[in-house]
Structures are given as structure tokens and as C-alpha cells.
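The first residue of the sequence shown is numbered 1, and numbering continues consecutively from there. Computed from a predicted model, the values in this text were never measured in an experiment.
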Amino acid sequence: MPRNLFGGTAADVTEDVSGARVPGVEGTLWDGPSDGANQVLDLMDLEGTPIEVIASDDTGMIPPFYGPEGSPERLWIDVGSGTRTVLLATDVGDRLVAHQDAPDPHGDRAAVLDEITARIGAPGGLAPLGPDGLVPGEYIPAAGPTTASVSQFLAMPAPAYIAHRGSGMEYPEHTMAAYNAALTSGVRAIEVSVNVTADGIPVCVHDQTLDRTTNATGLVTDWVYPSLINGVQVQPKQILGNGWAPQPLPNLRDVLDRFLGKVVIFLEGKSNEAAPVVQSILQTYYPTANQSVVWKAYYKSPTFSTMKARGFTTWGYIDDTTTDAELSAVDANIDVWGVPHTMSPTRMSQIAARGKRVICWEVHRRSQRDRLAGLGIWGMMCAQYKWVSSTKQILKKDNWATQVKAPGDMGRTYYSGVRDLKYDGTGTAFMDVTGDAVLIGSCSLPEFPINGYRITFDMKFDGTVPSNEHAGIVFGKADDSPYQFGTANESGGYHMAFRGNGDMQIFSHTPGVTSGTQLATAATPVPVAGQWMSFQVDVTPASVKITRTDVTPTVAVTSTNATYRGGYIHVTGGSVSSLTNRPRWRKMTANAL
């Protein structure tokens with residue numbers, strides 16, 4: 001290393017004790033101010049001649065000289081005055097400038113540049129810039145590596161669940177609220193449907209019209225996006241209860257940015273206008289979407305070949321009447337078949353036997369799931385995912401006061417709300433149709449407790465019911481299949497019928513048989529219009545007992561029939577023929593004994 005320069009400045013002088021400069025004095029150089037310092041002998045004058053001492057000139061100034069090898073920044077001079085004076089290197093500024101101007105002053109710049117260069121484009125490294133100066137699409141984080149894998153999803157054992165419309169009979173269909181809740185519930189895949197506005201913005205909504213699910217009417221394509229997002233909201237109250245607030249319609253980009261890579265998405269453009277828009281968005285902004293998106297369309301759609309060429313897995317849904325020849329004609333472009341729940345069991349088995357995964361839509365009930373699994377159906381596109389996938393009692397008492405439909409509470413029809421429970425805000429539930437029943441799955445017990453269970457509830461009639469008409473509850477059913485009075489139902493159970501004349505009866509219902517069999521009856525006071533009555537139902541291994549508890553003394557009716565010991569419960573309007581006299585229920589509980 002070069003030697004540092006010392007001396008030659010106004011601060012470098014020899015002085016006596018009075019502070020006067022002393023010319024012609026020789027001084028010795030040291031590496032420290034203390035007595036233990038070492039004398040520095042490796043010195044040079046400006047001509048490069050070695051020197052060991054420094055002599056002040058005739059003005060008392062210390063002349064310039066070079067310090068020792070190793071380039072210390074400070075030395076101490078002793079001129080015999082008893083005090084050593086520090087000397088500072090005088091060329092530090094020049095050396096600093098030279099250091100800053102050097103191409104690699106520390107000898108490591110080249111190594112750092114080599115390391116950075118090696119990381120460009122490498123996994124976990126840096127994104128390169130394209131010829132346009134922008135980061136290429138494959139390096140954009142929104143389109144980067146996914147955690148939800150289509151291949152892993154398809155490798156799952158049956159039943160594999162997909163949240164139909166975001167589980168649209170438990171949450172407002174095709175809303176961020178539904179998609180978020182479905183993921184929180186643990187689902188591995190969701191279905192997303194897309195239509196486009198008049199100005200070409202893709203929004204998530206199933207129907208091509210807004211009439212069924214929103215506060216607006218007409219085709220989605222008749223609305224421009226600014227008007228739609230400011231004036232249209234999903235209205236879930238008819239289906240899910242008055243406790244649900246209106247929800248905005250999400251646009252596709254928001255959904256993909258939020259969920260892509262976190263869940264497998266079965267994605268469908270629902271119209272001829274929507275499909276190319278969705279395809280373009282995937283290709284432009286999400287180049288790795290094929291890792292976690294399944295392209296969904298009607299099996300005759302011309303979009304399949306394009307999406308297969310882009311590496312997407314495809315799901316083609318068919319009709320009840322689609323023939324084997326029609327399936328074979330498109331087989332090369334479809335990876336997974338979709339079958340409607342209305343298809344015959346025989347035909348479903350035939351589709352499953354073709355060797356590809358088969359997914360049925362839409363699935364609402366556990367009994368439906370079990371029947372489909374027995375036919376070889378692998379996937380369940382569930383409109384009520386939390387209910388279908390759960391195995392335990394959800395609530396021990398109803399949540400009707402919240403005016404929000406609980407998982408498992410459902411009528412016989414779906415996505416319309418016509419036959420579902422309604423709530424008045426006081427904890428009371430009722431129906432807007434006659435002669436029907438609603439499953440109260442949330443309070444049902446999937447397994448019969450060892451000592452049985454007890455159901456309690458209140459019921460009243462709005463009007464004066466004809467003496468032979470009745471309403472009540474259904475219980476003891478081993479599965480969650482629908483129940484309707486006067487119909488041949490899929491599974492058996494018991495019907496508690498309370499008539500307009502006060503008779504309290506127990507009926508059994510055999511699967512597939514229209515009429516029930518009366519097991520026991522007891523007379524109780526006649527119901528009064530608008531007045532609540534209270535009941536207790538005990539189902540034990542040995543008997544079924546119903547007690548009316550709002551009267552004194554209480555009245556009970558008992559049967560020792562032990563045919564049915566399931567825990568699924570329905571409320572039923574029975575044979576009440578007029579909504580003027582409709583039954584209402586409240587305060588339902590179901591607990592193991």
C-alpha cells in the first residue's frame with residue numbers, strides 16, 4: 001500500500017513550552033502518545049530516501065515526509081519537550097477522492113454484480129426486464145407459483161367437494177362473501193360464473209339476467225359497469241333470510257386476484273360474449289392460471305380446444321340425454337365430465353364407467369352425496385358445502401332470531417327461496433307455502449345418542465284450523481332426504497301431527513309409502529288462533545313420547561315402536577290448507593338425553 005503523507009501544513013510545527021516555534025529541532029516519531037509506544041523508524045522524505053528523525057526547518061515547521069508502510073493515519077512526534085504532539089496524514093482528501101473514483105475500491109464489486117446477474121430469472125431470484133423494459137407476465141406475482149393445484153385436487157379421494165356458486169345456498173351466490181366463507185369452511189375448490197356488461201367488464205353472476213338474484217332487472221349486457229357497481233346488489237334475503245345484507249357483484253379480476261392460487265377455481269364464461277373475455281384475461285394477466293383453474297363449459301363449447309392447448313384442465317357438463325356418441329365426439333378435449341343431479345342413476349353409472357372423473361351438480365344433501373358416491377361419482381359440486389361435508393350436529397337450538405338460514409335448514413326446492421323458512425325477527429319461523437316441510441338440519445343429530453334425544457319447540461296457528469287439518473314436526477329419519485306429507489318419501493320416520501280439534505298423534509312413515517300409520521293419539525285442548533303451544537318429543541331406544549307442556553296437567557302420547565331411530569328433523573305444515581291458518585314455530589332445541 002502507498003505511504004501516507006505527513007507534515008507541511010501550518011498545524012505541523014515544533015514549539016517550546018511557551019508555545020514559540022523552535023527551528024532546527026530534531027524529533028522522533030512514535031505510533032502512540034504513551035510511554036509504551038513504539039518508535040517509528042520506517043520514514044521517507046519526498047525523494048524517497050529513508051530517514052529516521054524529522055528536523056524542523058528554519059521557521060519551526062515540520063517538512064513533508066512519508067509515513068511507514070501500512071499507512072497509519074496518525075503519528076506522534078517527540079521533540080524533547082516532554083510532550084508528544086499528534087501528526088495527521090495530510091493527503092487523506094486526495095486518497096478519499098481516488099478511492100471513490102476507483103472502479104472497484106473494495107475489490108468486491110465485480111463479485112456482487114456476478115451474484116446479481118446469476119439471480120436474474122432464477123427460482124426465488126430476480127425478475128428480468130423484457131425488451132419493452134417491463135417485467136414479463138410469467139414473473140408477475142399475481143401470476144406466479146400457486147399453492148392450489150388442479151392435479152393435486154383431481155388426485156383426491158372421493159368425495160371431492162366444489163362450492164357451487166360459492167356454496168350459494170349457504171351464502172349469497174357468486175359474491176366475495178360466499179367465496180371467502182367457502183374457503184374459511186375448508187373447501188378446496190369453488191365455482192365461479194361470469195357474464196359481461198355492455199362495456200365488456202366481466203362480473204361474477206350465474207344468470208345472464210339480473211332479475212333472480214339482484215335488485216335490478218334485465219340482461220347483464222344491457223348495463224354498463226359504472227351503473228352496475230353503483231346501482232345493483234345481490235339480494236339474498238328471499239333464499240337466505242332477512243338477516244343477510246345486500247352484497248356487491250364482484251368483477252372477475254378482483255376474484256382472481258383474491259383467490260387464484262389459494263383454491264382451485266372452476267371458471268365459466270356463461271355467454272358467448274363472456275367466454276372470450278375470460279380467456280383473454282387469463283392469457284394476458286394470469287399466465288400460470290392453468291395450474292389452479294379448471295375451464296368449465298357445456299360439453300359442445302368450441303372453447304375447449306383453445307384452453308386445452310393452453311394447458312388447462314377442462315370440465316364439460318352434459319345433459320340428461322347426452323348419448324355415448326356425443327360424448328366420444330368431444331372426449332379428447334374434456335378431462336372431467338359433469339352430470340346433472342336429475343340424471344338417472346343408471347346413466348350416471350355408465351358415465352362413471354367411461355373411466356374419467358365425474359362431478360355431479362348441484363348437491364344439497366348428505367343423502368344425495370351418499371347415493372351419488374354409490375354410483376361411482378367422484379366429485380360433488382355442493383350448493384351447501386358446509387352442510388354436506390360436516391358430520392356433527394351444528395346447533396343445539398335454532399338460530400331463527402338472527403333471520404339467517406343455518407347450514408342444513410332447507411326446503412325441497414333450491415335457489416328460489418319459495419319453499420324455505422321465513423323469519424319475522426322475533427325468533428319465529430314459518431313458510432309461505434302450504435302442504436310442505438323444511439329440514440332443520442342444523443339442529444338434527446346425525447347419530448342416535450346411546451340414551452336417545454329430546455326435541456322441544458313451540459307452535460301456533462295464525463287462524464282457526466279446521467278440526468281435521470294438522471301441522472307439526474317430522475323426526476326419527478335416518479338421513480336428510482326431503483319429507484312431504486302425503487308423499488312416498490325416500491326414508492322413514494315419525495310424524496307428530498297436531499290437529500285443529502286438539503288431537504296429538506304419532507304416525508310412522510315407511511319409505512316409499514304415501515300414507516302414514518297412526519301409532520298413538522291423545523286428546524288435548526283445542527288450539528287457539530295466535531296462541532303458542534309447547535311440546536316435548538323424547539326418542540329413546542324403547543319408545544317415542546310426545547308431551548304437550550303448555551297445559552295443566554300436561555298431556556302425553558307414547559308409542560313403543562322402535563323402527564326409526566334417526567335424528568333428522570323437519571317442521572311440516574302437514575295438511576293445513578290455507579296460509580291464513582299457517583303454523584309457526586319457535587324455540588326449537590335438540591339434545592341428547
Side-chain H-bond candidate by donor/acceptor type, [X] with [Y], under 3.5 Å:
{"X": "T209", "Y": "D207", "answer": "no"}
{"X": "S491", "Y": "S481", "answer": "yes"}
{"X": "K386", "Y": "S185", "answer": "no"}
{"X": "T342", "Y": "D320", "answer": "yes"}
{"X": "S151", "Y": "S149", "answer": "yes"}
{"X": "E326", "Y": "T323", "answer": "yes"}
{"X": "T428", "Y": "W585", "answer": "no"}
{"X": "T426", "Y": "D424", "answer": "yes"}
{"X": "T321", "Y": "D319", "answer": "no"}

- Query: Can Y415 and H206 be said to form a side chain to side chain donor-acceptor pair (under 3.5 Å), step by step?
  - Reply: CA-CA 11 Å; Y415 284 125; H206 177 271; over 6 Å; no
- Query: Run the side chain to side chain donor-acceptor pair (under 3.5 Å) check on D199 and T197 step by step: do they pass?
  - Reply: CA-CA 5 Å; D199 46 347; T197 59; 2.6 Å; yes
I want to check something: taking the side chain as every heavy atom from C-beta on, are [X] and [Y] in contact at a cut-off of under 4.5 Å?
{"X": "P340", "Y": "Y317", "answer": "no"}
{"X": "M169", "Y": "Y385", "answer": "no"}
{"X": "I318", "Y": "L327", "answer": "yes"}
{"X": "T572", "Y": "V438", "answer": "no"}
{"X": "I394", "Y": "W387", "answer": "yes"}
{"X": "R253", "Y": "Y286", "answer": "yes"}
{"X": "M348", "Y": "C360", "answer": "yes"}
{"X": "V358", "Y": "W378", "answer": "no"}

- Given V255 and M176, is the side chain to side chain contact (heavy atoms under 4.5 Å, CB included) satisfied, shown in steps? CA-CA 7 Å; V255 171; M176 294 296 274; 3.7 Å; yes
Output yes when a side-chain donor or acceptor of [X] lies under 3.5 Å from a complementary backbone atom of [Y], and no otherwise.
{"X": "K270", "Y": "C204", "result": "no"}
{"X": "S271", "Y": "A274", "result": "yes"}
{"X": "T402", "Y": "N399", "result": "yes"}
{"X": "T184", "Y": "N180", "result": "yes"}
{"X": "N581", "Y": "D462", "result": "no"}
{"X": "K422", "Y": "G417", "result": "yes"}
{"X": "T214", "Y": "A216", "result": "yes"}
{"X": "T314", "Y": "N333", "result": "yes"}
{"X": "D420", "Y": "L240", "result": "no"}
{"X": "S349", "Y": "P345", "result": "yes"}

- Check the pair D432, R582 against side chain to side chain contact (heavy atoms under 4.5 Å, CB included), reporting the backbone distance first and the verdict last. CA-CA 8 Å; D432 277 343; R582 84 176 97 202; 2.9 Å; yes
- Query: Which residues satisfy the side-chain hydrogen bond (donor to acceptor under 3.5 Å, both in side chains) test with S193, sequence neighbours excluded?
  - Reply: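 Partners of S193 by the side-chain hydrogen bond (donor to acceptor under 3.5 Å, both in side chains) criterion, ordered by chain and then number, come out as H174.
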- Message: Quick check with a 6.0 Å cut-off and a 45 degree axis cone: is R584 positioned over the face of F430's six-membered ring?
- Response: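 Yes, R584 lies over the aromatic ring of F430.
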- Qualifying side-chain hydrogen bond (donor to acceptor under 3.5 Å, both in side chains) pairs with a residue from residues 216-234, counting only residues at least two apart or across chains: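 Pairs touching residues 216-234 that pass the test: Y225-N251.
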- Does any pair with a residue in residues 350-373 pass side-chain hydrogen bond (donor to acceptor under 3.5 Å, both in side chains), and if so which ones, sequence neighbours excluded?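 Listed once each, the pairs are S328-R354, D331-K356, R347-Q350, E362-H364, H364-Q384, R365-Y414, R366-S390, R366-Y568, S367-D480.
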- Message: So that I can tick it off, tell me whether R586 and D398 are bridged by a salt bridge, with the cut-off set at under 4.0 angstrom between side-chain N and carboxylate O.
- Response: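 Looking at D398 and R586, the cut-off is not met.
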- Message: If the threshold is 4.0 Å, N to carboxylate O, is there a salt bridge linking K296 and E191?
- Response: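 A salt bridge is present here (some side-chain N lies under 4.0 Å from a carboxylate O).
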- Task: Might you work through the side chain to side chain contact (heavy atoms under 4.5 Å, CB included) test for V203 and V194, ending with a clear yes or no?
- Result: CA-CA 6 Å; V203 292; V194 181; over 6 Å; no
- Task: Just do the side chain to side chain contact (heavy atoms under 4.5 Å, CB included) check on V404 and W244 with the steps written out, would you?
- Result: CA-CA 6 Å; V404 171; W244 268 102; 3.5 Å; yes
- Query: Just one of H570, E490, H495 clears the side chain to side chain donor-acceptor pair (under 3.5 Å) bar with Y483, so which one?
  - Reply: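 One option only clears the test, and that one is H495.
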Look up atom [atom1] in [X] and atom [atom2] in [Y], then write down how far apart they are to the nearest 0.5 Å.
{"X": "L256", "Y": "L267", "atom1": "CG", "atom2": "CG", "result": "6.5 Å"}
{"X": "M343", "Y": "I377", "atom1": "CE", "atom2": "CD1", "result": "8.5 Å"}
{"X": "N290", "Y": "T313", "atom1": "CG", "atom2": "OG1", "result": "8.0 Å"}

